[in-house]
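These notes are about the structure you will find just below.
One-based numbering, in listed order, for ligands and for the atoms of each.
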Amino acid sequence: MTDHAPAAVVVLAAGEGKRMKSGLAKVLHAICGRSLLGHVLAATEPLKAAHTVVVVGHLRDQITDHLAEIGSDATAVVQEEQLGTGHAVRTALKAAHVPGEGTVVVVPGDAPLITTESLRALLAEHTNSAAAATLLTSELSNPHGYGRVVRGADGRVKAIVEERDADDATRAICEVGTSIYAFDGARLRAALARVTNDNAQGEEYLTDVIGLLVSDGEIVSAVSAPEVETLGVNDRVQLAEVRRAMRDRIVTHWMREGVTITDPATTWMGVRVTIEPDAVIHQNTQLHGATHIESGAEVGPDCTLRDTKVGRGAKVVKSHCLSAEIGPESDVGPFSYLRPGTKLGRGAKVGAFVETKNAQIGEDSKVPHLSYVGDAEIGERTNIGAATVFVNYDGVDKHQTVIGDDVRIGSDTMLVAPVEVGDGAYTAAGSVISEDVPPGALAIERNQQRNVEGWVEKRRPGSPSAKAARRARGQGTMDPTSPVENDEEAGAK
Ligand code: UD1
Ligand code: CA
């Protein structure tokens, strides 16, 4: 337990979230790789409360399952009917495992930008002022819809008045309650027992506890937090707003850690991403999951990486990478699709329109163009010619292809797995390789070319091709710039 460790944290998440118009519980909508509720729990977790309770009602099973899924220690307490925030907290405190005394922190489940730092400031003020309750408040330029914090002539908090119950003078107040509080547990229980639903919404307001405590002569303190931390989500427009704010926070953090981010406004990353100093992230890039970028690597523009590791000095451009490991100094893209199990050695290259899956590509080996590499192990300094396909699937099972070091796979080779190509071997362009190739051999699998002389003029008379053929015949020679010659060599480089 730390200094001001609370006895309990109560997270309010039973509301319907009507304006989301969603089959998914509001607090389970995700921003930057975590649910709204997950962000709130991540902020409260370092407080080391003895108990964390999530009040659930609407779509409660989804929330309970989610808590298990994210491995949270928080327990769900069911509020059968949503009779108001005061009723929600009363229900939470009734749950057998919540202790009778100590500090109780209340936070809404739909305000994901609250920070541990602000919660610590709240707890410190609460302890230092020996208050019965301490509010987290915020000055809003537009306080519409929020409960206003009413202070007396001495500047002390007197009450919170909900918008709907407020007169014009009260509505003019810009300091609002954020639904985040620290309470003395015993006095909170006693006050909650006296809260009524005699108000515009017919609900038991948690905010009424403040007025009751003040009239009992108890100390009520307040701490102010930046507006952005108190932003809540009621609809999908606000969901996008908090997502942008969270993105700004994450991206700013990494810039301060020494990462160059050329266009923060179009760079999105999740909370679990890690980046070393002197990495560069270019515009329109999304980094998800546990993606890790090492120093000197350059990612983007136009990349989506999930759970992918990018080694020192590697470059990834306009590519989509899932659970891949990109080695140091290697080169990916543009237009590459790296699927799970892809592992590139140092200095390897995967180029345009190449898809890889479960593929190990050794140091300095290259798959530069138009290929599919699935279930493969490729050695070092090997070149895979354009349009090579690792034919890994026979319709029933997947099979492995093993290619050695210093191999040259000719363009348009079909490697029918399971098959092995030994060190230093070549395959001829256009070959279907279904048998192992020994080290140093050239494997060639294709028919002898046959030219049917004069076929075009005979079978396509009058066509542009026939005319061209005739002209060429008139000159008595083949056009030396014809693109069809010299196209036979083993693989493109
Ligand atoms: C509440 C505060 C208001 C404050 C605002 C900050 C009250 C009466 N008002 O208003 O002073 O400015 O938050 O955002 O507290 N919930 C339950 N069970 C219920 C009712 C609500 O769990 O029976 C949960 C909701 O799911 C939500 C949170 O409590 O997460 C807040 O409830 P909401 O109805 O959104 O309160 P506001 O009107 O926003
Ligand atoms: Ca709300």
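The closest approach between any non-hydrogen atom of Q79 and ligand 1 is below 4.0 Å.
Note: F335 and F353 have parallel aromatic rings, judged against thresholds of 30 and 60 degrees for the angle between ring planes.
Residue-to-ligand polar distances place L12 within reach of ligand 1: an N/O pair is separated by less than 3.5 Å. Looking at ligand 1, you'll find an N or O of T85 within less than 3.5 Å of one of its N or O atoms. In terms of N/O distances under 3.5 Å, ligand 1 is approached by A14.
Distances below 4.0 Å separate heavy atoms of Y205 from the following atoms of ligand 1: 8 (C). Shown in contact with L83 at under 4.0 Å from a heavy atom are these atoms of ligand 1, numbered in order with element: 23 (O). Annotation for ligand 1: atoms under 4.0 Å from non-hydrogen atoms of Y146 are 6 (C), 12 (O), 14 (O). Close contacts between ligand 1 and G147 involve ligand atoms 3 (C), 4 (C), 11 (O), 12 (O) [criterion: under 4.0 Å to a heavy atom]. Under a 4.0 Å criterion applied to the non-hydrogen atoms of G177, ligand 1 contributes the atoms 4 (C), 6 (C), 12 (O). With ligand atoms numbered from 1 in the order given, ligand 1 contributes 6 (C) to contacts under 4.0 Å with heavy atoms of T178.
A salt bridge does not link K343 to E377: none of the charged side-chain nitrogens sits closer than 4.0 Å to a carboxylate oxygen. A salt bridge links K26 with D110: the distance from a Lys NZ or Arg NE/NH1/NH2 to an Asp or Glu carboxylate oxygen falls below 4.0 Å.
Contacts between A13 and ligand 1, counted as non-hydrogen atom pairs separated by less than 4.0 Å, involve the backbone only. Residue contacts with ligand 1, taken as heavy atom pairs separated by less than 4.0 Å, do not involve T230 at all. With a 4.0 Å cut-off on non-hydrogen atoms, V176 does not touch ligand 1 at all.
Checking A88, G84, G86 against atom 20 (C) of ligand 1, the nearest heavy atom belongs to G84. Atom 10 (O) of ligand 1 has its nearest heavy-atom neighbour, among E162, R164, E16, in E162.
Between Y205 and the choices T85, N197, D165, the side-chain hydrogen bond (donor to acceptor under 3.5 Å, both in side chains) rule is met once, by D165.
With contacts defined as side-chain heavy-atom distances shorter than 4.5 Å, the pair K357/Y372 qualifies. A heavy-atom distance below 4.5 Å is found between the side chains of L47 and T116. Using a 4.5 Å cut-off on side-chain heavy atoms (C-beta onward), I378 and Q360 make no contact. In this structure, the side chains of H282 and V280 come closer than 4.5 Å at one or more pairs of heavy atoms.
Interatomic distance, CE of M255 versus OG1 of T260, reported as 9.5 Å (0.5 Å rounding).
With H39 contributing its side chain and I31 its backbone, the two residues share a donor-acceptor pair below 3.5 Å.
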